[in-house]
2 protein chains.
Amino acid sequence: MTETKTDPRILRTRKIIMDSFIKLSGKKEFKDITIKDITTEAMINRATFYYHFEDIYDLLEKALSEVLLINLNTNLYQNSELNEDTIIRLFQAITNFQLTLSNRCHRGYEDTIARIIREQIEVIIFNLLVKQFPGEEKKAHKVTASMLSWGIYGASVEWRRNNNSTSPEEYIKLAIPYIIYGIN
Amino acid sequence: MTETKTDPRILRTRKIIMDSFIKLSGKKEFKDITIKDITTEAMINRATFYYHFEDIYDLLEKALSEVLLINLNTNLYQNSELNEDTIIRLFQAITNFQLTLSNRCHRGYEDTIARIIREQIEVIIFNLLVKQFPGEEKKAHKVTASMLSWGIYGASVEWRRNNNSTSPEEYIKLAIPYIIYGIN
DNA sequence: TTAGATGTGTAGTATATACAACACATTGTA
DNA sequence: TACAATGTGTTGTATATACTACACATCTAA
């Protein structure tokens, strides 16, 4: 809302860097991608990279967040409530995102990536909860969001592992009553 | 050869501007394209436009030259002589370029565009002649290049006008003996 | 072990781009 | 006519990016 517009040069350069990184991720494993590779691909100076990102892990984090967030924003920007529909869309976005990831080789960095994704989910859920129940305790929202994010992320991992014929929607629907109405 | 490498920012920005201009040319007539349109499309500041180009006609000139030159370079960079083969490739590049142009609306600026194209052809032919006959008088090369450029450009106009089944290659082949061996 | 090669991260300076403001011209419209 | 709106081209200043050099780490080969 109170967005102060950022310098177009910054937006442009960040996008070039992230796009180059994503492109390289399709060719090499993460551990083999050097910062020189990225800046060469992006045709920017190496020093400029450090102007925007702390190091390559910072880039990984921001690139993943951005890609995931774009997926999510287009999916559930309209819905501002945490309900059955929202959860289904969220889950679909995650499984979809995981599928694109699995086509790229990030061997050895699965844990980092998993953490980033889960944190993103947590942020999204937290914001939804705050909007939905403005008066209540934020600490409770925090814990709830944390637990839900772990649960939903874990579900996406399990879904991918049992890569059977169940669609993401059907899969998560099995758990939704528990999420929404609780154990009772 | 003695290319002093130019700042990547300049290359990048020029490309963005030209690409935006070409993109806009597909939507609007030239006379309706404002500099604000271009800079908005390119997401650069209007002052930056004037850093690179004098005005919109300067951009038109450079954009056309560049597109035509790229066509030509990829076609006849290998051949450094002005022979039958070179002329055929040159003619093909021009007709091909004219076809792409005809899909865009530049009504009222045909003359300007024609001049730019012809001048480009002249430069190319002149350079070929200088390379081919290094010892001889440059003034003669100049006149020869001028006449040939007018002739070849004119032929491309005629070819397009009689838009019949003759291919550019067949068409120009009819005139090649005259060009190469002269009237006798 | 020692060098050499490659990668990371930082700092100082030069240059390109962003932005805002301005004067001026052109166009449409009341 | 007037006067608002839109476009052109310029200028001054702030900021982002390019470039170069440097110190340091890691790895490989002699």
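Residue numbers start from 1 in every chain, and the chains themselves are labelled A, B, ... in the order their sequence lines are given, proteins ahead of strands. Computed from a prediction, not measured in an experiment: that's the story for all the values here.
Comparing the start and finish of the helix from C:dT1-D:dA30 to C:dA30-D:dT1, five pairs each, the helix axis swings through 20°, to the nearest 10 degrees.
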- Item | Nucleotide-resolved protein contact map, nucleotides 6-14 of chain C, B/S/- at heavy-atom distance under 4.0 Å | --BBBB---
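Sequence neighbours left out, the pairs with a member in residues 137-152 of chain B that pass side chain to side chain donor-acceptor pair (under 3.5 Å) are B:Arg118-B:Ser149. Applying the salt bridge (charged side-chain N to carboxylate O under 4.0 Å, His left out) rule to pairs touching residues 12-21 of chain A yields A:Lys15-A:Asp19, sequence neighbours excluded. Each salt bridge (charged side-chain N to carboxylate O under 4.0 Å, His left out) pair with one or both residues in residues 46-58 of chain B, not counting sequence neighbours, appears once here: B:Asp58-B:Lys62.
A close approach under 4.0 Å does occur between a side-chain nitrogen or oxygen of B:Tyr51 and OP1 or OP2 of C:dA16.
Contacts with DNA chain D (heavy atom under 4.0 Å) in residues 10-18 of chain A: A:Ile10, A:Thr13, listed by number.
Residues that satisfy the side chain to side chain contact (heavy atoms under 4.5 Å, CB included) test with B:Ile179, not counting sequence neighbours, are B:Ile87, B:Leu148. Legend: residues meeting side chain to side chain donor-acceptor pair (under 3.5 Å) with B:Asp7, ordered by chain and number and at least two apart, are B:Arg9. A search for salt bridge (charged side-chain N to carboxylate O under 4.0 Å, His left out) contacts involving B:Glu84 returns nothing, not counting sequence neighbours.
Put simply, the side chain of B:Glu41 never gets that close to the backbone of B:Leu24: no donor and acceptor are under 3.5 Å apart.
Taking Ile, Leu, Val, Met, Phe, Trp and Tyr as hydrophobic and joining them when side-chain heavy atoms fall under 4.5 Å apart, one finds B:Leu174 isolated, its cluster having no other members. Side-chain contacts under 4.5 Å among hydrophobic residues (ILVMFWY), followed directly or transitively, place B:Phe126 together with B:Val130.
Atoms CG (A:Asp7) and C1' (C:dA18) sit 6 Å apart, rounded to a whole Å.
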Sequence neighbours left out, cut at 3.5 Å: what donor-acceptor pairs do the side chains of residues 33-40 of chain A make with other protein atoms?
residue, atom, partner, partner atom, Å
A:Thr34, OG1, A:Lys36, N, 3.4
A:Thr34, OG1, A:Asp37, N, 3.0
A:Thr34, OG1, A:Asp37, OD1, 3.4
A:Thr34, OG1, A:Asp37, OD2, 3.2
A:Lys36, NZ, A:Thr40, OG1, 3.1
A:Asp37, OD2, A:Lys28, NZ, 2.9
A:Asp37, OD2, A:Thr34, N, 3.1
A:Thr39, OG1, A:Ile35, O, 3.2
A:Thr39, OG1, A:Lys36, O, 3.1
A:Thr40, OG1, A:Lys36, O, 2.7

